[in-house]
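Remarks on the structure that follows.
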2 protein chains.
Amino acid sequence: MPIPLVTRILVADDHPIVRSGLKKIIDAQPDMEVVAEADDGAEAVKKALSDDVHLAILDVSMPKTTGIQAADELHKRKPELKLLMLSMYDSEQFLFESLKAGASGYVLKSDADQDIVEAVRRTMRGQSFLYPSAVSTLVKDFVDRGRPEEEQFDILTPRELQVLKLIAEAYTSKEIAQELVISVKTVERHRQNILDKLGMSDRVELTRYAIRRGLIQP
Amino acid sequence: MPIPLVTRILVADDHPIVRSGLKKIIDAQPDMEVVAEADDGAEAVKKALSDDVHLAILDVSMPKTTGIQAADELHKRKPELKLLMLSMYDSEQFLFESLKAGASGYVLKSDADQDIVEAVRRTMRGQSFLYPSAVSTLVKDFVDRGRPEEEQFDILTPRELQVLKLIAEAYTSKEIAQELVISVKTVERHRQNILDKLGMSDRVELTRYAIRRGLIQP
DNA sequence: GTCGCCATCGGGTCGAGGCCCCATCTCGGG
DNA sequence: CCCGAGATGGGGCCTCGACCCGATGGCGAC
C-alpha cells in the first residue's frame, strides 16, 4: 500500500485543548490533516473504523476506555491503521503495553509540539517513533532478557482493576468489601496481588498509578 | 483605562500542547493576541511584568511555582493586569484561593475551548467569568456565612507543604523524619494538621490533593 | 484431564497510620 | 510585652495496611 499524499488522522484525547493544539500543528502541515476527534477510547475506536482514517493518535490515559485498550481493539479490527500513542508520562509499563497493543509510536505530551509531525511521518513510512528515553528503556529490556520465562510485565485482572480503582478513591478495605459484596480478606488479597504485580508497596503508589492509567481523576 | 483594541495575552501552562491549543483559539480572534508563553509560575511572573501584557491566563497546577502563587505575586506587583485562571479541576479550594489571589476569572480546561474567548472579553470589560458550577459554589459559601469567625478555608504552611509532598511521594513517616531531620512524631503531627486543615482522612486523599495542586506528578 | 490463572475466603504478625492527650520554643504583629 | 501561629517533641490508643501462611471452586488452554 503506497503512502497517501495526505495522511488522514484521528486525534483522541479527553481534553479539548490538547486536541485543538494537535490539530493546529498537524493541519499546518501540507501532507497531513485531522479528519476526526474523540474524547474517549470507545469513541476513538468507532470513528477510526468508520471514517477513512490512516492514523490514530491516542492518549494513553483516558477515562472509561483507555488509549491502550482502544489501540488493542483497533489493531485487531483494522491492522492497516497506524497507531501513535500520546502520554503525559515516561512510563515503562505504558510503553510496553502500547507496543504490545500494536502501536508504532509513543510520544510524550511534554515534547509533542516538537515531535508529533516527525512521528506521524515516520510512522506512515512504516518506521517507529519513540521518545528518546523510551529507546534506552527498550535496550535495557533487551539486555535484561536473561530471565528465561519470567512474566516480563503484567496486566491486572478486571477484578483487580475494580479494587485498585476503589483503593485509589480512598475507600478502606472494609468499604470496598461492602461495595463489591465480598469479604475484607478477599479485598486485602487482591490488594496484595496488585502490589506484587506492579512492584509497589503501598496505597499511595497505587493511587498515583491509577491516576496515570486514567482509572480515576486526581 | 480604556479597553485596548487588541488584548495582549500571556499563556502559562506546563504543557506545550495546551498552550498551543489556547494560542490557536485566541489568535483566531481579531481582538486578542498571545504575546508570551510560560511553562511555570515563576516564568509567567517574569514575562508578565516585562512584556506589555494586558491579561495572563494561568494554569492553577504547575510544577514549582503554581498558577495561584504567580497570580498572587502578579496581583501585588502589577494590579492592573487581569488574571484568568485555568484548571483541570472543579475544586472549591482552588476557586477560593484563585479569587483571593486576585483572579477575575476561572475556566475549566474541559470547557476552555468554548469558554476562553468569552472569559477574556468579560474579564477585559472589568467583569468576572466563572464556570457554571463555580457560581453555585460561591452562592453556597455566601449562604453558609453564618459561622462567625471560623477559618473559612486554610492554606498549608511551608513545612506542611514539604511534608505533604513527601507523603504523596509514598515516603513513610520514618523516611520523612530522616529526610527532614526531625522526629517521627513531628512528622505525624504535621500530617494530622494537614488532614485536619483539608478535611481529609488518609494519605490517599492527600496524594490526590498534592497532584491536583501540582505539588507532584502522578 | 490436568495445569494454571482467577476469584474467593480464612488465619496470623507487626508496624504504620490515624486520632487523641500533653508540652516547649521562637518569632512576628498588635 | 504578650499572644497566636508555626514548628518541634512526647505518650498512648486502636485500626488498618502490608506481608506471610494456607485452601477451594471454576474455567479455559494445552
Side-chain angles (χ1 to χ4, degrees), chain A residues 69 72 76 97 100 147-210 215-216, chain B residues 69 76 97 100 148-210 215-216:
Chain A
Q69 292 171 302
D72 197 51
K76 281 178 187 142
E97 288 184 3
K100 280 210 303 183
R147 31 183 183 175
E149 276 312 305
E150 223 170 317
E151 10 58 277
Q152 210 66 357
F153 52 90
D154 290 302
I155 306 188
L156 304 178
T157 68
R159 197 54 157 178
E160 286 166 349
L161 280 177
Q162 282 186 336
V163 173
L164 170 59
K165 184 169 187 294
L166 294 173
I167 289 174
E169 279 171 342
Y171 283 59
T172 64
S173 296
K174 192 189 292 179
E175 290 168 343
I176 296 174
Q178 289 169 357
E179 182 77 19
L180 300 182
V181 202
I182 55 181
S183 81
V184 174
K185 268 297 176 183
T186 303
V187 174
E188 290 171 341
R189 173 87 278 171
H190 284 312
R191 187 189 52 216
Q192 194 57 44
N193 288 337
I194 298 168
L195 290 174
D196 290 346
K197 284 189 180 181
L198 299 180
M200 298 176 176
S201 59
D202 64 30
R203 296 174 307 144
V204 169
E205 290 185 276
L206 292 183
T207 303
R208 297 174 65 180
Y209 173 78
L215 271 181
I216 63 158
Chain B
Q69 293 171 302
K76 282 179 188 142
E97 289 184 3
K100 280 208 305 181
E149 276 312 306
E150 223 169 319
E151 13 53 278
Q152 210 65 355
F153 52 92
D154 290 302
I155 209 164
L156 303 177
T157 68
R159 197 57 160 176
E160 286 165 350
L161 281 177
Q162 283 186 335
V163 173
L164 170 59
K165 185 169 187 293
L166 294 173
I167 289 174
E169 280 171 341
Y171 283 59
T172 63
S173 295
K174 191 189 295 179
E175 291 167 343
I176 296 174
Q178 288 167 358
E179 182 76 19
L180 300 183
V181 202
I182 54 180
S183 81
V184 174
K185 268 298 176 185
T186 303
V187 173
E188 289 171 340
R189 173 86 268 156
H190 283 312
R191 169 166 36 81
Q192 195 56 43
N193 288 338
I194 298 168
L195 290 173
D196 289 346
K197 284 189 179 179
L198 300 179
M200 299 177 176
S201 59
D202 64 29
R203 294 174 308 144
V204 169
E205 290 185 276
L206 292 184
T207 303
R208 297 175 64 179
Y209 173 78
L215 271 181
I216 63 157

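Quick caveat, the model's predicted, so the values are computed rather than measured. To find a chain, count down the sequence lines: A is the first, B the second, and so on, and within it residues start at 1.
In this structure, B:Arg189 does not reach the D:dA7 phosphate: none of its side-chain N or O atoms is under 4.0 Å from OP1 or OP2. In this structure, B:Thr186 reaches the D:dG9 phosphate: one of its side-chain N or O atoms is under 4.0 Å from OP1 or OP2.
Between A:Leu195 atom CG and D:dA18 atom C1' there is a gap of 7 Å when expressed in whole angstrom units. Atom-to-atom, CD of B:Glu160 to P of D:dG6 comes out at 7 Å; the value is rounded to the nearest Å. The separation between A:Leu198 atom CG and D:dA18 atom P is 13 Å, rounded to whole Å. Rounded to whole Å, the distance from NZ on A:Lys185 to P on D:dA23 is 15 Å. Taking atom CD of residue B:Glu188 and atom C1' of nucleotide D:dA7, one finds them 16 Å apart after rounding to whole Å. Per the geometry, CG belonging to B:Asp202 stands 21 Å off P belonging to D:dC14, to the nearest Å. The nearest whole Å value for the distance from the CZ atom in A:Arg191 to the P atom in D:dC16 is 11 Å. Taking atom NE2 of residue A:His190 and atom C1' of nucleotide D:dC19, one finds them 17 Å apart after rounding to whole Å.
Considering all non-hydrogen atoms of both residues, A:Glu175 and A:Ala170 come closest at OE1-O, 4.1 Å. Smallest separation of non-hydrogen atoms from A:His190 and A:Arg159: NE2-CG, 3.6 Å. Considering all non-hydrogen atoms of both residues, B:Glu160 and B:Ile194 come closest at O-CD1, 3.3 Å. A pairwise comparison of heavy atoms in B:Thr157 and B:Lys197 identifies CG2-NZ, 3.8 Å as the closest pair. For A:Ser183 against A:Ala177, the heavy-atom pair with the smallest separation is C-CB, 3.8 Å.
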### Query
Passes side-chain contact (heavy atoms from CB on, under 4.5 Å), A:Arg208 versus B:Ile216? Steps please.
CA-CA 10 Å; A:Arg208 297 174 65 180; B:Ile216 63 157; 3.8 Å; yes
### Task
Before giving the answer on side-chain contact (heavy atoms from CB on, under 4.5 Å), spell out for A:Arg203 and B:Asp202 the whole-Å C-alpha distance, their side-chain angles and the decisive distance to 0.1 Å.
CA-CA 10 Å; A:Arg203 296 174 307 144; B:Asp202 64 29; 3.9 Å; yes
### Query
Can you check side-chain contact (heavy atoms from CB on, under 4.5 Å) on A:Gln192 and A:Arg189, steps first, answer last?
CA-CA 5 Å; A:Gln192 194 57 44; A:Arg189 173 87 278 171; 4.1 Å; yes
### Task
In sequence, state the C-alpha distance, the side-chain angles, and the governing distance for A:Leu180 and A:Leu166, and then conclude on side-chain contact (heavy atoms from CB on, under 4.5 Å).
CA-CA 10 Å; A:Leu180 300 182; A:Leu166 294 173; 4.0 Å; yes
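Residue contacts for B:Arg203: at a heavy-atom cut-off of 4.0 Å it reaches the sugar-phosphate backbone alone, with no base atom in range. At a threshold of 4.0 angstrom between heavy atoms, the contacts of A:Asn193 with the nucleic acid are absent.
Put simply, chain B comes within 4.0 Å of DNA chain C, heavy atom to any atom, from C:dA16 to C:dC22, going 5' to 3'.
At a non-hydrogen distance threshold of 4.0 Å, A:Ile182, A:Ser183 from residues 171-184 of chain A come into contact with DNA chain C.
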